[in-house]
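Remember, it's 1-based here, ligands and their atoms both numbered in the order they're listed. Since this is a predicted model, take the numbers as computed values, not measurements.
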Amino acid sequence: MKAVQYRTVGGAPEVVDVPVPVPGPGQVLLAMTAAGVCHSDFVVMGRTAAELRFPLPLTLGHEGAGIVAQTGAGVTGVTEGEAVAVYGAWGCGRCGPCAQGRENYCPHAALRGIFSPGLGAPGAMAEYMLIDDARHLLPLGGLDPVRAVSLTDAGLTPYHMIKALLPGLLPGATVAVIGVGGLGHVAIQLLRALTACRIIALDVSAEKRELGVEVGAHAVFRSDASAVDAVRERTGGLGVRAVFDFAGTPASVALAGAVAAIDADICLVGIGGGSLPVGFGRLPLGVRVHVPYWGSRAELAEVLELGRSGAVEVRVETFALTEAPKAYERLHRGGVRGRAVLIPDA
Ligand code: NAD
Ligand code: ZN
Ligand code: ZN
């Protein structure tokens, strides 16, 4: 089968032929219908050999949807032919957080060498994908896999944080979304669907600011040296109740800290090497800083419901699986509007 692999440290993703995996006891084999391209893959491909905690080659892709093709011995709960989405944050499955479906915060996964697909285990950018346990599969329930696949990360990750902050996101509060890319453009829609907040979107790119308006931002500003004043002015000098930073660079993180109001929540979601000095007097009084990771299985079910209701629509640019290197290049250049999605059988 065809698979998109990261094969050598510092190399580019390659399309290769590999054997179709065979599901062992408890495992499920999916015939893939869609795989999303996330900016985090550049973080993985930017690591040194010493920093990589798993051997190469790695089949990429941590946003996946497929059809159950074959089940291993003892598998219950899924049926062959069923269309599913993959919950990608794989934990030990047995500890307290995992029992709650919060496998994204399993404290044992890293210690035991349990990796998420595409982030250590073989991922979704292939014609077939091996799933370690049926609990990682949620029914697509009529959703189009190509349009829904990125709800598993680009939807789930912002949802996880927005849901946690909902009690403070009162009608009329202003929030900032920094970075209107794959995650950011879904975050704006989630905020519109779940709150009556005023949304300010900031991006370095004019096209992304345009997308911000299209998906529901009330105001957009260029993310540069003028941004802090622009946001402060828009909020009567107060700053914003919550900031969601989907870039995470030194510049965006500094902006996030500078536009926060007293008693605000700052969510550093992007993995761009930025850090925010935290300490008394460094940030407005009462500020909380979050560094969230992905989301829970229950939250994925909720995000899929939002997809079904039409409240959230991922903007998708499609590529054939074999065009993955081109999709990665486009994402790297900032050229993808919304999310790039690979289609194995295109
Ligand atoms: P993307 O490339 O689709 O979007 C990033 C956006 O940020 C782009 O629109 C870009 O123009 C914009 N941007 C860059 N620098 C900026 C700045 N200084 N100010 C404002 N905007 C700026 O990426 P994505 O796939 O949406 O991922 C976003 C980030 O989130 C990545 O760093 C990714 O690694 C990270 N991520 C984190 C988690 C998590 O669980 N914490 C999960 C998924 C992705
Ligand atoms: Zn991701
Ligand atoms: Zn666990």
Atoms of ligand 1, numbered as shown, that sit under 4.0 Å from any heavy atom of [X]:
| X | answer |
| --- | --- |
| Leu202 | 20 (C), 21 (N) |
| Leu331 | 2 (O), 3 (O) |
| Cys38 | 25 (O), 43 (C), 44 (C) |

Next on the checklist: Given 3.5 Å as the limit, does a donor-acceptor pair link the side chain of Ser205 with the main chain of Lys208, or not?
Outcome noted: yes

Test of proximity, [X] against ligand 1: N or O pairs below 3.5 Å:
| X | value |
| --- | --- |
| Ile271 | yes |
| Asp153 | no |
| Ile178 | no |
| Trp294 | yes |
| Val269 | yes |
| Tyr293 | no |
| Ala251 | no |

Checklist entry - Who's closest to atom 30 (O) of ligand 1 heavy-atom-wise, of Gly212, Gly270, Gly273, Ala89? => result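 Residue with the shortest heavy-atom distance to the ligand atom: Gly270.
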
Next on the checklist: Please state which option from His185, Arg222, His39 has its nearest heavy atom closest to atom 2 (O) of ligand 1.
Outcome noted: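 Comparing heavy atoms across His185, Arg222, His39, the nearest one to atom 2 (O) of ligand 1 lies in His39.
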
Checklist outcome for this item: In this structure, atom 7 (O) of ligand 1 is nearest to the protein heavy atom Gly179 CA, 3.5 Å

Checklist entry - Mind checking whether Pro292 has a heavy atom under 4.0 Å from ligand 1? => result yes

Checklist entry - Does ligand 1 have any atom sitting under 4.0 Å from a heavy atom of His160? => result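 Outside the 4.0 Å threshold, so no.
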
Checklist entry - Heavy atoms, side chains only, cut-off 4.5 Å: are Trp90 and Asp133 in contact? => result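 The answer is no; the side chains never approach within 4.5 Å.
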
Item to check | Under-4.0 Å heavy-atom contact with ligand 1, by part of Lys208 that carries it | outcome: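 Just the side chain.
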
Checklist entry - Should the proximity of Thr157 to ligand 1, defined as any heavy atom under 4.0 Å, be assigned to the side chain, the backbone, both, or neither? => result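 The part of Thr157 near ligand 1 is the side chain, not the backbone.
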
Checklist entry - With the Zn ion (ligand 2) at the apex, how many degrees lie between OD2 of Asp153 and SG of Cys38, rounded to 10 degrees? => result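 Rounded to 10°, it measures 110°.
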
Next on the checklist: Take a 6.0 Å sphere around CD of Glu51 and say whether it holds more than 12 heavy atoms from other residues, nucleotides or ligands.
Outcome noted: yes

Item to check | Backbone or side-chain N/O/S of His108 under 2.8 Å of the Zn ion (ligand 3) | outcome: no

Checklist entry - Does the side chain of Glu63 pick up a donor-acceptor pair with the side chain of Thr152 at under 3.5 Å? => result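 Glu63 vs Thr152: no donor-acceptor pair found between side chains.
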
Checklist entry - SG (Cys92) to the Zn ion (ligand 3) to SG (Cys106): angle, nearest 10 degrees? => result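 Cys92 SG and Cys106 SG form an angle of 110° at the Zn ion (ligand 3).
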
Item to check | Name of whichever N/O/S atom of His62 is nearest to the Zn ion (ligand 2) | outcome: NE2

Item to check | Minimum heavy-atom distance between Cys267 and Met161, given as atom pair plus value | outcome: SG-CG, 3.3 Å

